[in-house]
Enquirer: 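Before I ask anything, let me first share the structure, which is written out below as structure tokens.
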Protein chains: 2
Amino acid sequence: MAERPEDVGAKLEQELRRGVIVLAALSQLRTQQYGYSLRQALAERGLVIEEGTLYPLLRRLEGQGLLASEWRIEDGPPRRYYTLSPQGEAMLASLAQSWRNMAGIVEGLIGEGKAGDEQPKKRKATP
Amino acid sequence: MAERPEDVGAKLEQELRRGVIVLAALSQLRTQQYGYSLRQALAERGLVIEEGTLYPLLRRLEGQGLLASEWRIEDGPPRRYYTLSPQGEAMLASLAQSWRNMAGIVEGLIGEGKAGDEQPKKRKATP
DNA sequence: CACTATACATAGTATCACACAGTATGTTCG
DNA sequence: CGAACATACTGTGTGATACTATGTATAGTG
């Protein structure tokens, strides 16, 4: 079965989003949030994450010690509020660093070749 | 079992790399390359991809019609050379666009909160 | 009360990077 | 020559995880 190109594109874009999700979530949890509000905050900024993705993610990150959570009751229904733990902050800093590094590499990759356009280096047969 | 933080970090970084791999490979295949040389080219630019990842990836991308390949014999052992197909070029352009969009979002996310630091918007109870 | 938005949770599926192992062909050097 | 190493590709198995779909419950609204 030949896959439709728009499916392929969607899948690749999803993969692109995938690696970023954790970083995005952590970055927003510098201020305390509950899951639903976090999801909306991210969506507002252009990053849509499904509920079935976000909630398990938050539990996972908490299990890894990057987040701390507590139930709280205020206006509406009980909500589970999350914040960065100290390790979470450290991880966020580290991840942000990795991201910037990665972004630099990718920028270089997709930028080059427009001009330049050198051919692939042939493995030297007789040095 | 508590996961060691460096494992967690490594895994997250890997996830970060994951989404980028296809884009990186496509970007380099604007010039014809074989698998091994592609791997080296990417490694030189700071993106290390395992063989067990890259080779299947190339076959997959070819299966999706994004790449064209041919065996060729020159100096050394037979090598399978890959290049972008027209659809591959289109996909590369599209993905690069997605990437830039994503990069902008992430940049905004990790940049904000340093200053600013507004508290989480409370869902208005009475709209 | 029915209906919608909010809020969280879980089971099941599919995808995919990587580890690991294997095959085979150069190249180098004692 | 032949042992060791780099090159070049292939294949299997596994673990992690994003998403779909579905379920539960509460709060506000007509």
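In what follows, chains are A, B, ... by sequence order, proteins preceding strands, each numbered from 1. Side-chain atoms are counted along with the backbone in the values below, which use heavy atoms only and exclude waters and symmetry mates. Owing to the predicted nature of the structure, the values given are computational and were not obtained by experimental measurement.
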Enquirer: Mapping A/L57 and A/G76 onto DNA chain D by nearest heavy atom, which one lands closer to the 5' end?
Expert: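 Nearer the 5' end of the strand: A/L57.
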
Enquirer: Sequence neighbours left out, what passes side-chain hydrogen bond (donor to acceptor under 3.5 Å, both in side chains) with A/S85? Give chain and number order.
Expert: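 Applying side-chain hydrogen bond (donor to acceptor under 3.5 Å, both in side chains) to A/S85 gives none.
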
Enquirer: To the nearest angstrom, how far is A/Y36 atom OH from C/dT4 atom C1'?
Expert: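 For the pair A/Y36 OH and C/dT4 C1', the rounded distance is 11 Å.
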
Enquirer: Whole-Å distance between C/dA17 C1' and B/L47 CG?
Expert: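 After rounding, the reported distance stands at 13 Å.
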
Enquirer: Among the nucleotides D/dA18, C/dT15, C/dC18, which one has an atom lying closest to any side-chain atom of B/R18?
Expert: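 Minimum distance to the B/R18 side chain belongs to C/dT15.
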
Enquirer: Given 3.5 Å as the limit, does a donor-acceptor pair link the side chain of B/R59 with the main chain of B/Y55, or not?
Expert: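 Checking the backbone N and O of B/Y55 against the side chain of B/R59, no donor-acceptor pair under 3.5 Å is found.
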
Enquirer: Using a strict heavy-atom distance below 4.0 Å, which residues from residues 20-29 of chain B are in contact with DNA chain D?
Expert: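 The answer is none.
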
Enquirer: Which sits closer to the 5' end of DNA chain C, A/T53 or A/L12, going by the nucleotide each is nearest to?
Expert: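 It is A/T53, whose closest nucleotide lies nearer the 5' terminus.
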
Enquirer: What is the distance, to the nearest angstrom, from the CD atom on B/E13 to the C1' atom on C/dC18?
Expert: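 The distance from CD of B/E13 to C1' of C/dC18 comes to 15 Å, rounded to the nearest Å.
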
Enquirer: Output a table of nitrogen or oxygen pairs between the protein and nucleotides 10-12 of chain D separated by less than 3.5 Å.
Expert:
{"residue": "D/dT10", "atom": "OP1", "partner": "B/R59", "partner atom": "NH1", "Å": "3.3"}
{"residue": "D/dT10", "atom": "OP1", "partner": "B/R80", "partner atom": "NH2", "Å": "3.4"}
{"residue": "D/dT10", "atom": "OP2", "partner": "B/R59", "partner atom": "NH1", "Å": "3.4"}

Enquirer: Does some side-chain heavy atom of A/R39 sit less than 4.5 Å from a side-chain heavy atom of A/E50?
Expert: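 A side-chain contact under 4.5 Å exists here.
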
Enquirer: How long is the line joining CD of A/Q40 and C1' of C/dC8, in whole Å?
Expert: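 Computing the A/Q40:CD to C/dC8:C1' distance gives 14 Å.
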
Enquirer: Roughly, in whole Å, what's the span from CG in B/L61 to C1' in C/dC16?
Expert: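 Result: 12 Å.
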
Enquirer: Which residue pairs satisfy the salt bridge (Lys or Arg N to Asp or Glu O under 4.0 Å) criterion with at least one member in residues 64-73 of chain B, sequence neighbours excluded?
Expert: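 Non-adjacent pairs meeting salt bridge (Lys or Arg N to Asp or Glu O under 4.0 Å): B/E70-B/R72, B/R72-B/E74.
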
Enquirer: Taking only the side-chain heavy atoms of A/E50 (C-beta and beyond), determine which of C/dT25, D/dC9, D/dT20 contains the nearest atom.
Expert: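 So the side chain of A/E50 is nearest to D/dT20.
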
Enquirer: Output the rounded distance in Å from OH (A/Y34) to C1' (D/dT26).
Expert: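 Answer to the nearest Å: 13 Å.
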
Enquirer: On DNA chain D, does the nearest nucleotide to A/R17 precede the nearest nucleotide to A/P77 from the 5' side, or the other way round? Give the residue.
Expert: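 That would be A/R17.
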
Enquirer: Report the residues that fulfil side-chain hydrogen bond (donor to acceptor under 3.5 Å, both in side chains) with A/S69, sequence neighbours left out, ordered by chain and then residue number.
Expert: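 A/E62, A/R80.
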
Enquirer: Is the shortest side-chain N/O distance from A/R60 to OP1 or OP2 of D/dT17 below 4.0 Å?
Expert: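 True: A/R60 side-chain N/O within range (under 4.0 Å) of D/dT17 OP1/OP2.
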
Enquirer: Below 4.5 Å, heavy atoms only, C-beta onward: do A/L42 and B/L109 meet side chain to side chain?
Expert: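 Yes, their side chains come closer than 4.5 Å.
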
Enquirer: Could you state the CD-C1' distance from A/E15 to D/dA16, rounded to the nearest angstrom?
Expert: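 Spelled out: CD on A/E15 to C1' on D/dA16 is 12 Å.
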
Enquirer: Run the salt-bridge test on A/R100 and B/E107 with the 4.0 Å N-O cut-off and return the result as yes or no.
Expert: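 B/E107 and A/R100: salt-bridged.
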
Enquirer: Cut-off 3.5 Å, no hydrogens considered: what does the side-chain donor-acceptor table look like for residues 17-27 of chain A, sequence neighbours left out?
Expert:
{"residue": "A/R18", "atom": "NE", "partner": "B/E15", "partner atom": "OE1", "Å": "2.8"}
{"residue": "A/S27", "atom": "OG", "partner": "A/A24", "partner atom": "O", "Å": "2.7"}

Enquirer: Tell me, do B/R45 and B/Q28 make a side-chain contact under 4.5 Å, heavy atoms counted?
Expert: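 Yes; the side chains approach each other to less than 4.5 Å.
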
Enquirer: Taking atom C1' of D/dA27 as reference, at what distance in whole Å does atom CD of A/E74 sit?
Expert: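 My rounded result for the distance is 14 Å.
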
